[in-house]
Protein chains: 2
Amino acid sequence: MLIGAFSERTGCHIETIRYYERIKLLPKPERTGGGHRLYDREQVKRLVFIRRSRELGFSIEEIRTLLRLVDGKRYTCQEVKTITETHLEDVKRKIADLRRLQKTLGAISGQCEGGLVPDCPIIDALFSE
Amino acid sequence: MLIGAFSERTGCHIETIRYYERIKLLPKPERTGGGHRLYDREQVKRLVFIRRSRELGFSIEEIRTLLRLVDGKRYTCQEVKTITETHLEDVKRKIADLRRLQKTLGAISGQCEGGLVPDCPIIDALFSE
DNA sequence: ATAAATCCTGTAGCCACTACAGATGCAAGA
DNA sequence: TCTTGCATCTGTAGTGGCTACAGGATTTAT
């Protein structure tokens, strides 16, 4: 399978695939005589894993750790669970931060009637500390 | 006021201040004979505005637009409110995205008991599309 | 006068891609 | 066989919003 088909199968842009190879998240693939990359089913599995992990917000480094565990075949659930829960805490923190943002934005936006008056309570709010 | 004092007053790192100047978010300040930057109260107001807007998650481009409106002194509430509400929608979308993430992560993490068994439901979940 | 703190410019790095430019490879039609 | 046209190649630079130096100049305190 050439990189185009590989890309379609995994839902990963071609440039991203080459990028993952460059940063050693994907191993160097076989090549055709002319130098085009060749992938197999095993690689599809790996890239789907990566893409799915990215969708769930894991960082490249976290994914690298997860893959090391999987590749070593000696991982324990505990190691994996720790990474996942740390990440989950991260996500929760981000949600909390955004909620505060939403509240503040909603409040200052609500003070404004959106008319033609050139003296906006939003601008005032942004100017005050 | 030199850049150090300016930085303390506004809560903005020195490097960030110089960065904002470079990207023309802050105007070029006066200089001492030896070439050190000099700031006044007006600049403090402007940078506080910028910092506050950043804290609320506005992008540099959004802030640039807001500042253009303020600088032109001919803005209407409507223009400002539109920018704010667009941004608020953004924030809401991000919260929704993160909530979905949290749910999925919680679900797959919950399936795992964290023992020593080397066959983790989390890894399985990441491998499946 | 000198030491220490602050400031200067310019450049490179961060993350996770994305977007080119310009050169090949390869399959199908004339 | 030649050409057309698409897919792929490498390498480099750009994104956003900073942050972190290096190596020098200036200012302030002693």
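Not measured: the values here are computed from a predicted model. A, B, ... follow the sequence lines: proteins, then strands. Residue 1 opens every chain.
- The nearest whole Å value for the distance from the OH atom in A/Y19 to the C1' atom in D/dA13 is 15 Å.
- Counted by atom type alone, A/T65 and A/E61 present zero donor-acceptor pairs between their side chains at under 3.5 Å.
- When the side-chain nitrogen and oxygen atoms of B/R54 are compared with OP1 and OP2 of D/dC18, one or more of them lie within a distance under 4.0 Å.
- Among D/dG17, D/dT27, D/dT10, the nucleotide with an atom closest to any side-chain atom of B/T32 is D/dT27.
- Residue A/R22 places none of its side-chain N or O atoms closer than 4.0 Å to OP1 or OP2 of D/dC9.
- What separates CZ of A/F6 from C1' of D/dT8 is a distance of 15 Å, to the nearest Å.
- In this structure, the CD1 atom of B/I17 is 14 Å from the P atom of C/dT6, given to the nearest Å.
- B/L2 comes within contact range of the sugar-phosphate backbone alone, with a heavy-atom separation under 4.0 Å but no base atom that close.
- Nearest-nucleotide assignment on DNA chain D puts the 5′-proximal partner with A/I3, out of B/F58 and A/I3.
- More than 12 heavy atoms of other residues, nucleotides or ligands sit less than 6.0 Å from atom CZ of B/R54.
- In this model, the phosphate group of D/dC9 is approached by a side-chain N or O of A/R37 to a distance below 4.0 Å at OP1 or OP2.
- At a threshold of 4.0 angstrom between heavy atoms, the contacts of B/Y20 are confined to the sugar-phosphate backbone, with no base atom among them.
- Note: CD (B/E15) to P (C/dC8) measures 11 Å, nearest angstrom.
- No donor-acceptor contact under 3.5 angstrom links the side chains of A/S53 and A/E62, judged on distance only.
- Atom P of nucleotide D/dG17 and atom CG of B/L56 are separated by 14 Å, given to the nearest angstrom.
- Put simply, CD1 on A/I23 is 16 Å from P on C/dG13, counting in whole angstrom units.
- Checking B/G35 against B/I60, the closest nucleotide of DNA chain D that is more toward the 5' end is the one next to B/I60.
- Nearest nucleotide to the side chain of A/H36, out of D/dT10, C/dT9, D/dA7: D/dA7.
- No option in B/K94, B/R93, B/H87 other than B/R93 meets the side-chain hydrogen bond (donor to acceptor under 3.5 Å, both in side chains) test with B/D90.
- Each of A/H13 and B/I14 was matched to the nucleotide of DNA chain C holding its nearest heavy atom; the match closer to the 5' end belongs to B/I14.
- Side-chain N or O atoms of B/R52 include none that pairs as donor or acceptor with a backbone N or O of A/F127 at under 3.5 Å.
- Between B/E42 and B/R46 there is no salt bridge, since none of the side-chain N atoms of the basic residue sits less than 4.0 Å from a carboxylate O of the acidic one.
- In this model, the phosphate group of D/dG17 is not approached by any side-chain N or O of B/T16 to a distance below 4.0 Å at OP1 or OP2.
- At whole-Å resolution of the value, CE in A/M1 and P in D/dT8 are 12 Å apart.
- Contact annotation: A/R31 side-chain N/O to D/dT10 OP1/OP2 distance is under 4.0 Å.
- For C/dC15, neither phosphate oxygen OP1 nor OP2 lies less than 4.0 angstrom from any side-chain nitrogen or oxygen of A/S59.
- Closest-nucleotide positions on DNA chain C for A/R18 and B/Y39 were compared, and the one nearer the 5' end corresponds to B/Y39.
- Rounded to whole Å, atom C1' of C/dC7 lies 12 Å from atom CG of B/L38.
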